[in-house]
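Working notes, beginning with the structure itself.
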Amino acid sequence: MTAPRVRFAPSPTGYLHVGGARTALFNWLFAKHYHGTFVLRIEDTDKERSTEAHTQVILDGMRWLGITWDEGPFFQGSYAARHRADAERLLASGHAYKDFLTAAELDAERERIKASGGVFRYHRRSMELPADEQARRESAGMPYAIRFAMPEGEIAWDDAVHGRISWQGADIDDFIILRSDGSAIYNMAVVSDDVEMNISHVIRGDDHVSNTPKQIALYRALGHEPPIFGHVPMILGTDGKKLSKRHGATAVGDYQDMGILPGAMRNFLALLGWSPGGDREMLTESELTESFSLEHIQSKPAVFDTTKLEWMNGQYLSLMDSTELLKAVERQLERMGVATDGRNLLPIINSVKTRSRTILNVAEQVAVRVDGSRIVRDDKGTALVAKMGDRFSGHLTLDHEALSRIPEFDWLPEAIEGALRTVAETHSLKLGDVMQPIRVALTGGTVSEPVPELLAVVGREESLRRIADASSS
RNA sequence: GGCGCUAUCGUCUAGGGGCCUAGGACACAGCCCUCUCAAGGCUGGUACACGGGUUCGAAUCCCGUUAGCGCUACCA
């Protein structure tokens, strides 16, 4: 294949959706695989809903995911003149015609048909104004929209993911390509831009298949060869409906905030509707680009289930080096208002990350270890250790004695474990009864890394203080 | 309503006529490991929507039914 040119063309009317992100990812992967070019084009022709802020959020989301573009971002709004010229060229060549019907007249007709139980369709002949009225409006200089005269025959294409898809031109209404204010409608603008930008493959969501026959007709009328189209399946919520806000987090930024790693998000998204074949699931960026192909894209929609995303994130967390995680954890701690006093967080992150699924989890655990006031308490402010009763306070006293004999320079997991095992043996206690009270005293919870490691990570002075506090309460 | 797309475990998927008494992963259950919880290892249950063809043989090809989804704007 000659180097393809693809594009991702979001409209800045909302945040970067996971569906949009996946479409961008597929385009990017495809371009990378074939050493092609990935163009970013912001489709801001809907001036009512498009905002600069949304554009920034979309760009940030893409950068976060590591999806880089080779050209752009281009803004569709700045090509209005070309769009209009193309529409007028179609008018001049007889592929389109003027429509003097106003939006209000059209709406009224739509209402009328609907009220009588019919289905509205725009038929050129039946909707056309009488010739004299037409002429009157034209000479009066009344505004008109330009409507494309949809050819009647079959329009089919070999879809890169679905195979052959066929439509009948007769089933498609003549559609407006230029508004009466002179601005182009979506399908016109897209085709005009894709032609201009030399796009060879249009990879987009399934919700666009019904636009494709219209766009192919436009390409032909304009005298251009249509590109190859590939329609990737929709992403659904857990109820099988199109993914939307009411399903919870749908914006890429939401997952960033939840402490998902970009690599995990990218890996997960890539596997939603695509598979490298076989059993491989954890894929690096280069494995992804090497094995990516349109042929392996699933043709059925996929449900977006975050459980597996979190599992995958946990895998990335344990695989990644603590130094790579440091920045994200620090940012999270800052948001939580935890002061780290310049402490070295690396060993702490290292010991809690295998028990975490998100950066948020990591930060919460780091917070407890770094700041005693973060110890988990119940609603009444009582630490769990108090509820354990007197049974273990004696053990904590023994622990405290033994641990305080360990000098600062030897405050390491091995020495600590040795001391605690000795306590258990000399007092004929179960190891768990010696260890678990410490865990509760230090964290307020019953779950953590191995106790010797926990003690090492919290530090000698602070550990002894927490144990003393707990045994006296 | 019309048109189009789709249909393998609860979910993501492998599979492209015999290798499938359908494989992997998440989730779930149990066991091992073990001071707790994860991680890791092992084991288990759960799926080819339905009905017709084609074929020696169909999850795989064809047709129909059903269901789901999408589109049906002077939105994108």
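Computed over heavy atoms, backbone and side chain alike; hydrogens, waters and symmetry mates excluded. Throughout, protein chains are lettered first and strands after them, A, B, ... in sequence-line order, and every chain is numbered starting at 1. Please read all numbers here as calculations on a predicted model, not as lab measurements.
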Checking contacts here: which listed nucleotide ([options]) is nearest the side-chain heavy atoms of [X]?
X	options	answer
A:Trp311	B:U13, B:A27, B:G23	B:A27
A:Ser299	B:A76, B:U6, B:G23	B:U6
A:Val303	B:C12, B:C74, B:U6	B:C12
A:Thr354	B:A38, B:A76, B:U13	B:A38
A:Gln315	B:C75, B:G23, B:G40	B:G40
A:Val447	B:U36, B:A76, B:C26	B:U36
A:Met435	B:A76, B:C35, B:A25	B:C35

Taking 4.0 Å as the cut-off, does a side-chain nitrogen or oxygen of [X] come that near to OP1 or OP2 on [N]?
X	N	answer
A:Arg357	B:C26	no
A:Arg421	B:C35	yes
A:His231	B:C5	no
A:Gln436	B:C37	no
A:Arg110	B:C74	yes
A:Gln215	B:A76	no
A:Arg280	B:U13	no
A:Lys242	B:G70	no
A:Thr45	B:A76	yes

Strictly by Watson-Crick or wobble contacts shorter than 3.5 Å, is anything paired with [N], and which nucleotide is it?
N	result
B:G51	B:C63
B:G45	none
B:G17	none
B:U34	none
B:U72	B:G1
B:A25	B:U11

I'd like to know if [X] reaches the base of [N] with its side chain such that a donor and an acceptor end up less than 3.5 angstrom apart.
X	N	value
A:Lys300	B:A7	no
A:Arg439	B:C37	no
A:Asp305	B:A27	no
A:Ser448	B:C37	no

A:Ile177 and A:Leu218, any side-chain heavy atoms less than 4.5 Å apart: yes
Main-chain N/O of A:Asn187 paired with A:Asn211 side-chain donor or acceptor, under 3.5 Å: no
Check [X] against [Y] and note the closest heavy-atom contact, atom names and distance.
X	Y	answer
A:Val368	A:Arg374	CG2-O, 3.5 Å
A:Leu283	A:Asn267	N-OD1, 2.9 Å
A:Lys242	A:His247	O-CE1, 3.3 Å

When rounded to the nearest Å, what value does the distance between [atom1] atoms of [N] and [M] take?
N	M	atom1	answer
B:G15	B:U8	C1'	9 Å
B:U55	B:A14	C1'	25 Å
B:C69	B:C28	P	28 Å
B:G30	B:A67	P	40 Å
B:C63	B:U54	P	15 Å
B:U46	B:U34	P	32 Å
B:C56	B:G23	C1'	27 Å
B:C26	B:U65	C1'	34 Å

A:Phe292 and A:Phe26 aromatic centres sub-6.0 Å: yes
Aromatic ring proximity, centroids under 6.0 angstrom, A:Phe268 and A:Phe304: yes
From CA spacing to verdict: side chain to side chain contact (heavy atoms under 4.5 Å, CB included), A:Gln56, A:Leu59: CA-CA 5 Å; A:Gln56 280 316 316; A:Leu59 260 35; 4.2 Å; yes
Whole-Å distance separating the CG atom of A:Leu455 from the C1' atom of B:U36: 14 Å
A:Trp274 CH2 - B:A14 P separation (whole Å): 10 Å
Sugar-phosphate, base or nothing in reach of A:Gly205, heavy atoms under 4.0 Å: nothing
5′-ward residue of the pair A:Ile165/A:Phe100 relative to RNA chain B: A:Ile165
Residue whose closest nucleotide on RNA chain B lies nearer the 5' end, A:Gln168 versus A:Tyr186: A:Gln168
